[in-house]
Amino acid sequence: MSTPPLDLDVATDLVDQAQRVLNGALGELKRRGGPDVQQSLAYDVAHSASALATARAALNYAAKGEDESKLAAAFLALALADVAARVLGREELWGVTPEWFQPFARFVATYREPSFLASLAETPGPRHLGEDFESVAELFHRFADEQVRPHAEHVHRTNADIPESIISGLSELGGFGLSVPEQFGGFSAGGESEYLGMLVATEELSWASLGIGGSLITRPEIMTRALLSGGTQAQKQRWLPKLANAEVLAAIAVTEPDFGSDVASINTSATKTAGGWLLNGTKTWCTFAARANVLVLLARSDPDRQKAHRGLSLFLVEKEPSDSLGFLLTQGNRDERGRLEGRPIDTLGYRGMHSYELSFNNWFVPDEDLVGGEDGLGQGFYFQMAGFENGRLQTAARAIGVMQAAYEAALDYAKNRTVFAEPIINYELTRVKLGTMAAIIQCSRQFSLEVARLMGAGAGTMEASMAKAYVCRAAEWVTREAMQIHGGMGYAEEFAVSRYFVDARVLSIFEGADETLCLKVIIRRLLEQSD
């Protein structure tokens, strides 16, 4: 029996009904003490809201064609089933009766039916980027395929450095200047085109490699946005053109050993001295620190810890490009020598850029490198957050690129691998997995594109957090199942799918750990909106 076409009015009504369930859960959360007391409920509601927000974007996509409609229907069924799994056994906590799912049951049964999902196995769906951004996608995809992918496995297996040819090639392509305004030598004209361009480019580069492709353009973008938010005109004129043409490469030094997402509590100090500041303290997980020419560093310029984030300032720390195996830099004379030491942190995946623990001992930074000058004192937290503004959406794009690569690898392997005298693409279970991947990837992409348009209009901050929360967890499932489709060969480094799997694991950790994102950002915004 064929599956009936999606009725958009019915689907929209179901999303609205599911939203009312979430609204009721938010009320229960308030009544029971809030997210600090009921963390599990808060976390589940945040993730459910993220899945439903993605489903709403999918319904807009559904109106564009038959394949689009099928992928959206499959995704909505998956999202509703995910909400149901989070509610099951916790109905009282959510404030619903055991029969709450009855209005959704028929729809979910129809569009989670295995034969329907299996029919989508080879239907990734069109992206509907528009002519201009299709051209951007093609340009970066070609570069990713020809210049990044040939190096990806070697860098991953040997923990090697990013080849200079990738950096110079990406510079020629304009990749480092996507967020730099045209007046400073970049390619940004502002508005939604800036966010869409970055999103599309990031996905294509991440499709080739998360470590040596998709993340290369993140750090200059963070520094660019921080400078545009609070830098002096002289700082913008000095640094932005160099960021745009990759004359200068940046790294971000915010996280500390005892303070990850709790940025306001950092300890690294900046003490005023003649002509500048002395930095003392330790930063960790500073990615690309060895190769970088400048570190964007957040430090406590006011020793009064009661001021919390209002006592933080942002500094541009110039340094020489250094050995990726570790480095020790010094400055000044023997008696008053500043030291900066970098120790590499070995990681499971996400290799090539290398992450470091950095130790600063009386490292001198001149006054001119305090972002914003005197007016920037105590404003560093806000400048840094402005720098991170697009980071969560960009991380969602990175996840989509990795998922797309994993899906394509699994589909290709399934077509060519024969088991029990049958290509495994012909087995229902394989096709159901592939169809589910196709729906998740395309609908996640459509939500991210929608968020990019919102951010271009000056909104979308919470939606960007939702996009990251949903898609980064989804990437773990997609890459795992892609690996599983490869069977034993998925566990071998001979196939790239093992790299996709370990790379995907970092996505829900960096740019805001999943739990922190849900409990400190998403759920609190949802509670504010519900008041």
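One is the number of the first residue; the rest follow in order along the sequence. We use all heavy atoms of the structure for the numbers below, so side chains are in, but hydrogens, waters and symmetry mates are not.
A 4.5 Å side-chain heavy-atom check between Thr123 and Lys70 finds every atom pair outside the cut-off. Put simply, the side chain of Leu517 reaches to within 4.5 Å of the side chain of Arg392, judged on heavy atoms. For the pair Phe75 and Gln442, the minimum side-chain heavy-atom distance is 4.5 Å or more. Taking 4.5 Å as the limit, some side-chain heavy atom of Tyr350 sits within range of a side-chain heavy atom of Ser215. Using a 4.5 Å heavy-atom cutoff, the side chains of Asn426 and Pro423 are in contact. With contacts defined as side-chain heavy-atom distances shorter than 4.5 Å, the pair Val200/Leu129 qualifies. Trp207 places a side-chain heavy atom less than 4.5 Å from the side chain of Glu408. Annotation: side chain of Leu170 is in contact with side chain of Phe176 (closest heavy-atom distance under 4.5 Å).
Expressed to the nearest 0.5 Å, how far CZ of Arg473 lies from CG of Leu507 amounts to 12.0 Å. We find the CZ-OG1 distance between Arg431 and Thr436 to be 12.0 Å, quoted to the nearest 0.5 Å. Note: Leu411 CG to Leu434 CG = 5.5 Å, rounded to the nearest 0.5 Å. The distance from the CD atom of Glu515 to the CD1 atom of Ile509 is 8.5 Å, given to the nearest 0.5 Å. Here Glu256 contributes atom CD and Leu358 contributes atom CG; the two are 11.0 Å apart, rounded to the nearest 0.5 Å. Taken from NZ in Lys520 to OG in Ser465, the straight-line distance is 14.5 Å, to the nearest 0.5 Å.
Among Thr347, Leu348, Leu210, Thr479, the single residue meeting the side chain to side chain contact (heavy atoms under 4.5 Å, CB included) criterion with Asp503 is Leu210.
Using a cut-off of 4.0 Å between Lys/Arg side-chain N and Asp/Glu carboxylate O, Arg56 and Glu450 are scored as not salt-bridged. Taking a cutoff of 4.0 Å between a charged side-chain nitrogen and a carboxylate oxygen, Arg291 and Glu164 qualify as a salt bridge. A salt bridge does not link Glu138 to Arg127: none of the charged side-chain nitrogens sits closer than 4.0 Å to a carboxylate oxygen. Of the charged side-chain nitrogens involved, at least one lies within less than 4.0 Å of a carboxylate oxygen, so that Glu221 and Arg225 count as a salt-bridged pair.
Distance alone, capped at 3.5 Å, places no donor-acceptor pair between the Asp67 side chain and the Gly125 backbone. The main-chain N or O of Ala292 is found under 3.5 Å from a side-chain atom of Lys319 such that the two form a donor-acceptor pair. Remark: the backbone N or O of Asn159 is not paired with any side-chain donor or acceptor of Arg351 at under 3.5 angstrom. For the pair Ser69 (side chain) and Gly65 (backbone), a donor-acceptor distance under 3.5 Å is absent. Side chain of Thr418 to backbone of Ala421: no donor-acceptor contact under 3.5 angstrom is found. Under the 3.5 Å distance criterion, the side-chain polar atoms of Thr202 are left unmatched by any main-chain donor or acceptor of Leu199. Between the side chain of Ser135 and the main chain of Glu131, a donor-acceptor pair closer than 3.5 Å is present. Between the side chain of Lys468 and the main chain of Gly512, a donor-acceptor pair closer than 3.5 Å is present. A side-chain donor-acceptor contact under 3.5 Å links Asn416 to the backbone of Asp412. Of the possible polar contacts, one joining the Thr224 side chain to the Pro220 backbone as a donor-acceptor pair under 3.5 Å is found.
Ring geometry for Tyr111 versus Phe107: interplanar angle of 30 to 60°, hence tilted. Ring planes of Tyr356 and His354: perpendicular class, angle over 60° (limits at 30 and 60°). Note: His486 and Tyr413 have parallel aromatic rings, judged against thresholds of 30 and 60 degrees for the angle between ring planes.
Between the side chains of Arg398 and Thr395, a donor-acceptor pair is found at a separation under 3.5 Å. Side-chain contact of Glu357 with Trp285: a donor-acceptor pair under 3.5 Å is absent, judged by distance alone. For the residue pair His47 / Asp514, a side-chain donor-acceptor distance below 3.5 Å is found, with atom types taken as modelled. Donor-acceptor pairing under 3.5 Å is recorded for the side chains of Ser324 and Asp161. Side-chain atoms of Glu113 and Thr3 form no donor-acceptor pair, as typed in the model, at a separation below 3.5 Å. For the residue pair Ser355 and Thr287, a side-chain donor N or O sits within less than 3.5 Å of a side-chain acceptor on the partner. One side chain, Gln404 or Arg445, offers a donor N or O that lies under 3.5 Å from an acceptor on the other. Remark: the Ser498 side chain and the Glu493 side chain contain no N/O donor-acceptor pair separated by less than 3.5 Å. Checked by atom type, the side-chain pair Asn390/Gln394 shows no donor-acceptor distance below 3.5 Å. Between the side chains of His128 and Gln446, no donor-acceptor pair of N or O atoms lies under 3.5 Å.
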Worked verdict on Arg480 versus Glu476 for salt bridge (Lys or Arg N to Asp or Glu O under 4.0 Å): CA-CA 6 Å; Arg480 180 198 180 280; Glu476 295 176 22; over 6 Å; no

If you apply the rule ring pair (Phe, Tyr, Trp, His ring centres under 6.0 Å), what do you find for Tyr427 with Phe420, and how did you get there? CA-CA 11 Å; Tyr427 290 108; Phe420 300 118; 7.4 Å; no

Which is it for Val155 and Ser209 under the side chain to side chain contact (heavy atoms under 4.5 Å, CB included) test, yes or no, and what are the steps along the way? CA-CA 10 Å; Val155 170; Ser209 169; over 6 Å; no

Decide side chain to side chain contact (heavy atoms under 4.5 Å, CB included) for Val497 and Arg499; before the verdict, give the C-alpha distance in whole Å, the side-chain angles of both, and the deciding distance to 0.1 Å. CA-CA 5 Å; Val497 72; Arg499 169 168 56 88; over 6 Å; no

Apply side chain to side chain contact (heavy atoms under 4.5 Å, CB included) to the pair Phe187 and Glu194, showing each step before the final yes or no. CA-CA 8 Å; Phe187 297 92; Glu194 174 186 325; over 6 Å; no

Show your working on side chain to side chain contact (heavy atoms under 4.5 Å, CB included) between Leu526 and Met462 and close with a plain yes or no. CA-CA 9 Å; Leu526 290 172; Met462 182 182 74; 4.1 Å; yes

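Residue Leu178 comes nearest to Gly197 through the heavy atom pair CD1-O, 4.3 Å, listed as atom of the first residue, atom of the second, then distance. Residues Ser48 and Leu22 approach most closely at CB-CD2, 3.7 Å, considering heavy atoms. Listed here is the closest heavy atom pair of Ala57 and Phe447: CB-CA, 3.6 Å.
No more than 12 heavy atoms of other residues, nucleotides or ligands sit less than 6.0 Å from atom CD of Glu320. Counting non-hydrogen atoms of neighbouring residues, nucleotides and ligands closer than 6.0 angstrom, the CD atom of Glu134 exceeds 12 such neighbours. Atom CZ of Arg157 has more than 12 neighbouring heavy atoms from other residues, nucleotides or ligands inside a 6.0 Å radius.
Close placement of the Phe101 and Phe104 rings is indicated, their centers lying within 6.0 Å of each other.
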